[in-house]
Amino acid sequence: MAHTHDHGSHGHDHSHGAGPVHGSTDKKRVLIAACLTAGFMVVEALGGLFTGSLALLADAGHMLADCIALGLAWYAFHLAGRPATVRLTYGFGRVKTLVAYTNGIAIFAIALWIIYEAWERLLTPAPVLGGPMLVVAIAGLLVNIGSFFVLHGGDRDSLNMRGAILHVLGDLLGSAAAIIAALIILATGWTPIDPILSVLVSLLILSTAWSLMREAAHVLLEGVPASLDRDLIARDIEGTVKGVREVHHMHVWSLDGASNMATLHACLNDGVDAHKAVSAIKKRLAAEHGIAHATVEPEFGHCADSHDSHDGHGGEHDHAHDAAPHHGHCH
């Protein structure tokens, strides 16, 4: 993410994070959920081996991966609290997005493994002890509900928190499927329901995991957040900020799915106070569009990056990363 704007000449807000208080509570919530998940994972794995239930073993497998995922999520929140450095000028906030993407991949792998195991179980059915399976599954459901509500109170705009919630939601669905399977086995003795429900839960989780991975990838590619429209924001600034003739070279992206940022060139009318115009643009971006961190380059006359301002560079301009359409220049 190489944004080579001269920040020293354009003063702006350096608070990139979602806020230390919110981040701290999210960190505690994830740690509590990780401890609950780890504690019951052992119980469920032993229960699955004892009863012969694939549904319980599948849920225990989910919980094992979730312990690791929740641990990574906790560590991501921990890193995000560190200040920026000379080498990492945006700090460690994007680690949360990397973890969210990794969690999505992990969920995919687990779900595919469960589908494979279910197919094997359907080909070679095994006896399942419905009674003990039901007891363990109910206990697992209660633990997962507790973890889910602990996480549900966190910042759901954070991709990292949403990834953690997704893992626990997968465990919750797995426990519910195990309960249904146990009841059917106790009532009818039909054991194939155990792997069948495991596959259905895995398919539901795959769909949600894909959505999480797609959103995390969009953030990593510095795409415009879904809630924002770059061109409309540019038109809004041109129409509401006094003295601004045109906005171009505008980029809008998110650091972690929650903290939005922008860079832009603002073409000003002659005689306009550049400092006041830049301040007004920043205030408008923060108040109306939720962009708290912006770098604004004021311009008079020709744009510094217009074609005719380069010597010997032909039609190319310095913004190698600027694939956005330009809205003209300050001629």
Side-chain angles (χ1 to χ4, degrees), residues 32-72 102-151 163-210 212:
I32 292 171
C35 292
L36 288 172
T37 302
F40 196 76
M41 175 197 67
V42 178
V43 175
E44 196 161 39
L46 292 175
L49 292 172
F50 174 71
T51 62
S53 168
L54 177 63
L56 286 183
L57 284 174
D59 202 35
H62 269 133
M63 284 189 157
L64 174 61
D66 291 351
C67 288
I68 299 171
L70 290 169
L72 285 173
T102 304
N103 278 345
I105 295 175
I107 295 168
F108 250 84
I110 294 165
L112 291 175
W113 173 78
I114 291 170
I115 291 171
Y116 172 78
E117 287 295 319
W119 175 252
E120 291 290 314
R121 183 66 65 91
L122 284 171
L123 292 177
T124 55
V128 179
L129 301 177
M133 174 185 172
L134 180 62
V135 172
V136 175
I138 290 174
L141 180 66
L142 294 175
V143 170
N144 289 323
I145 289 174
S147 296
F148 178 78
F149 278 108
V150 167
L151 294 176
I165 291 174
L166 176 58
H167 274 285
V168 172
L169 184 60
D171 289 336
L172 197 153
L173 290 173
S175 294
I179 291 173
I180 295 171
L183 290 172
I184 292 175
I185 290 170
L186 285 173
T188 66
W190 192 54
T191 57
I193 189 63
D194 182 47
I196 288 173
L197 286 180
S198 298
V199 170
L200 290 177
V201 170
S202 296
L203 292 176
L204 287 174
I205 295 170
L206 279 174
S207 172
T208 315
W210 172 251
L212 175 68

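Here, residue 1 is the first one in the sequence, and each next residue gets the next number.
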- Query: Partners of Leu186 by side chain to side chain contact (heavy atoms under 4.5 Å, CB included), sequence neighbours excluded?
  - Reply: Leu134

- Query: To the nearest 0.5 Å, what is the distance between CG (Leu151) and CG (Leu169)?
  - Reply: 10.5 Å

- Atom of Met133, atom of Thr51 and distance for their closest heavy-atom approach: N-CG2, 3.5 Å

- Message: If I take atom OG1 from residue Thr191 and atom CG from residue Leu129, how far apart are they, to the nearest 0.5 angstrom?
- Response: 11.5 Å

- Query: Which residue pairs pass the salt bridge (Lys or Arg N to Asp or Glu O under 4.0 Å) test when at least one of the two sits in residues 134-144, sequence neighbours left out?
  - Reply: none

- Message: Please enumerate all residues that pass side chain to side chain contact (heavy atoms under 4.5 Å, CB included) together with Ala34, with sequence neighbours excluded.
- Response: Leu70

- Task: Give the minimum heavy-atom separation between Ala38 and Cys67, together with the two atoms involved.
- Result: CA-SG, 3.2 Å

- Task: Kindly compute the distance separating CD1 (Ile32) from OG1 (Thr37), expressed to the nearest 0.5 Å.
- Result: 11.5 Å

- Mind checking whether Pro192 and Leu122 have side chains closer than 4.5 Å, heavy atoms only? yes

- Query: Any idea which heavy atoms bring Ala177 and Leu197 closest together, and the distance?
  - Reply: O-CD1, 3.5 Å

- Task: Could you note down all residue pairs passing salt bridge (Lys or Arg N to Asp or Glu O under 4.0 Å) where residues 120-149 supplies at least one of them, sequence neighbours left out?
- Result: Arg121-Asp194

- Task: Can you run down the salt bridge (Lys or Arg N to Asp or Glu O under 4.0 Å) pairs that involve residues 125-145, sequence neighbours left out, and say none if there aren't any?
- Result: none

- Query: With side chains defined as the heavy atoms from C-beta onward, is the minimum distance between Leu206 and Ile115 less than 4.5 Å?
  - Reply: yes

- Message: Just checking Trp190: does its CH2 atom have more than 12 heavy atoms from other residues, nucleotides or ligands closer to it than 6.0 angstrom?
- Response: yes

Which pairs of donor and acceptor atoms, one on a side chain in residues 42-50, lie under 3.5 Å apart (sequence neighbours left out)?
none

- Task: Could you pull out all residues at least two apart from Leu172 that satisfy side chain to side chain contact (heavy atoms under 4.5 Å, CB included)?
- Result: Leu141, Asn144, Ile145, Phe148

- Task: Report the distance from atom OG of Ser198 to atom CD1 of Ile193, rounding to the nearest 0.5 Å.
- Result: 9.5 Å

- Message: Looking at every non-hydrogen atom in both residues, tell me the closest pair between Ala137 and Ala178 and how far apart they are.
- Response: CB-CB, 3.7 Å

- Message: Ignoring hydrogens, what is the shortest heavy-atom contact between Gly52 and Val128? Give both atom names and the distance.
- Response: O-CG2, 3.7 Å

- Of all the heavy-atom pairs spanning Gly140 and Ser175, show the shortest one and how long it is. C-OG, 3.5 Å

- Would Phe40 and Val136 satisfy side-chain contact (heavy atoms from CB on, under 4.5 Å), going step by step from the backbone distance to the final call? CA-CA 10 Å; Phe40 196 76; Val136 175; 4.2 Å; yes

- Task: Just grab all the salt bridge (Lys or Arg N to Asp or Glu O under 4.0 Å) pairs involving residues 129-140, residues at least two apart or on different chains.
- Result: none

- Query: For Trp210, what residues pass the side chain to side chain contact (heavy atoms under 4.5 Å, CB included) criterion, not counting sequence neighbours?
  - Reply: Phe108, Arg214

